[in-house]
Amino acid sequence: MRHFLSLLPLVALAFFAPVRASEPVSILSERPDWSDLTPFQKTITRAEFLRLLDTVYAPGGAWKECIDVGSLSARIHQPGQTGSDFQLEFAPNAAAAQPVPRYWTTPGTRKPVPGKPLAGYTIALDPGHLGGRWAQMEERWFKIGDAQPVMEGEMTWLAAQHLAERLTALGANVAMVRKGSEPVTFERPRTLRRVAKEELARAGITHPRDSYDGPSDPLKSQTIQWQSELLFYRVSEIRARAQRINENLRPDLVICLHCNAEEWGDPAHPLLTDKNHLHLLVNGNYHASELGLADVRHEMLLKLLSRSARVELPLSNRVAASLASATGLPPYEYHGGKALATGNAYVWTRNLLASRLYRCPVVYCEPYVMNSQTVFDRVQLGDYAGVKAIDGVERKSLYREYADAVAEGVAGYFAEKAK
Ligand SMILES: [Zn+2]
């Protein structure tokens, strides 16, 4: 995650700019196919539909401009297409509800295998970001003097390798969403320059500079280079991963692995901080402005109707508990409405592209602040078996600690559900 870049107003504009005035969709998005919702007719009661909107997906009435909830059905407005609303019929009561159509298997519904709580389930691991030569472009990279550079995409990749091993031993079929440090998308910044230019023009920058002068350039976000890079790694890459997950891997669960960061400034002279924390994200907390985009509205409804939150919330609570116990990290607290608190201090709802597009339950982990002094020191120690003394405490390598805790939380939840 990055918290600092998302503060730039231009970025927000770039992500939510309309393609056509009559049918606003997110950047690099297709127009949604509303018939995708047809299999969900009569699968949800009115009360459950409202409860999920109000508590998980669109709290504070954010849904009210785009959905009319009647007594027997909901009318979902299709942005830019007045008179062609989608009508979702409610189940009269829970007992009479049609089964929820979904390809994924709910935890606890497969025949239990002793000692293998994940037997028969497919779990996709999504190590956040890219590594190697891409990490600097992504601005998930910093370096102090001759020390090893700290790269989120490499850290999540290492944690994912260990996690794959643990989950496989617990019986899961594990698939990696990315291979090594390379992107999944076929697009590259150079292929996205035209779109980047259009986005800048929409934001009022009609004669943008071609490239920026290094990562500290204060006006870099107004250049074609920076915008096309952002479209590549932040939008096109996530969309390509979603396509791979939804169409090829079709897992029962996706685990997104990230590390957090506090603002570090110049990556060649980064600020180190004492702050170090943990949180997990569950898809939700859509704002009214986001729901004005046809694709986002459609994806929120698919997410809600698939009832993935029934798995995501308790499973995230379980993984949060094991990560908190293994790392000793305090919960991260959001301010400003981007994320919404749940009943668990470590678990927040937030509308991220990845957790929205992946059409199965998602556990999205954000432990460790990469530019905290402790994490920096632990990255310098590398990956190792056994334990080493860190600040007087014997600890596993950061990557194994991360993987072991996630595996324990996931296995614990599946085992509990199988009882
Ligand atoms: Zn991240």
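Numbering of ligands and ligand atoms starts at 1, following listing order. FYI, side chains are in, hydrogens and waters are out, and symmetry mates aren't considered; it's all heavy atoms of this structure. Fair warning: this is a prediction, and the values are worked out from it, not measured in the lab.
Both tests hold for Arg102 against Trp104: distance to the six-membered ring centre under 6.0 Å, angle to the ring axis within 45°.
Shown here are the ring pair (Phe, Tyr, Trp, His ring centres under 6.0 Å) partners of Tyr121, two or more places apart in sequence or in another chain: Phe414. The salt bridge (charged side-chain N to carboxylate O under 4.0 Å, His left out) search around Arg178 returns none, not counting sequence neighbours.
Atom ND1 is the N/O/S atom of His258 found closest to the Zn ion (ligand 1). Counting just the N/O/S atoms of Glu152, the one with the shortest distance to the Zn ion (ligand 1) is named OE2. Take the N/O/S atoms of His129: the one nearest the Zn ion (ligand 1) is NE2.
Not a single N/O/S atom of Cys259, whether from backbone or side chain, sits less than 2.8 Å from the Zn ion (ligand 1).
For Trp134 and Phe232, the gap between ring centers is short of 6.0 Å.
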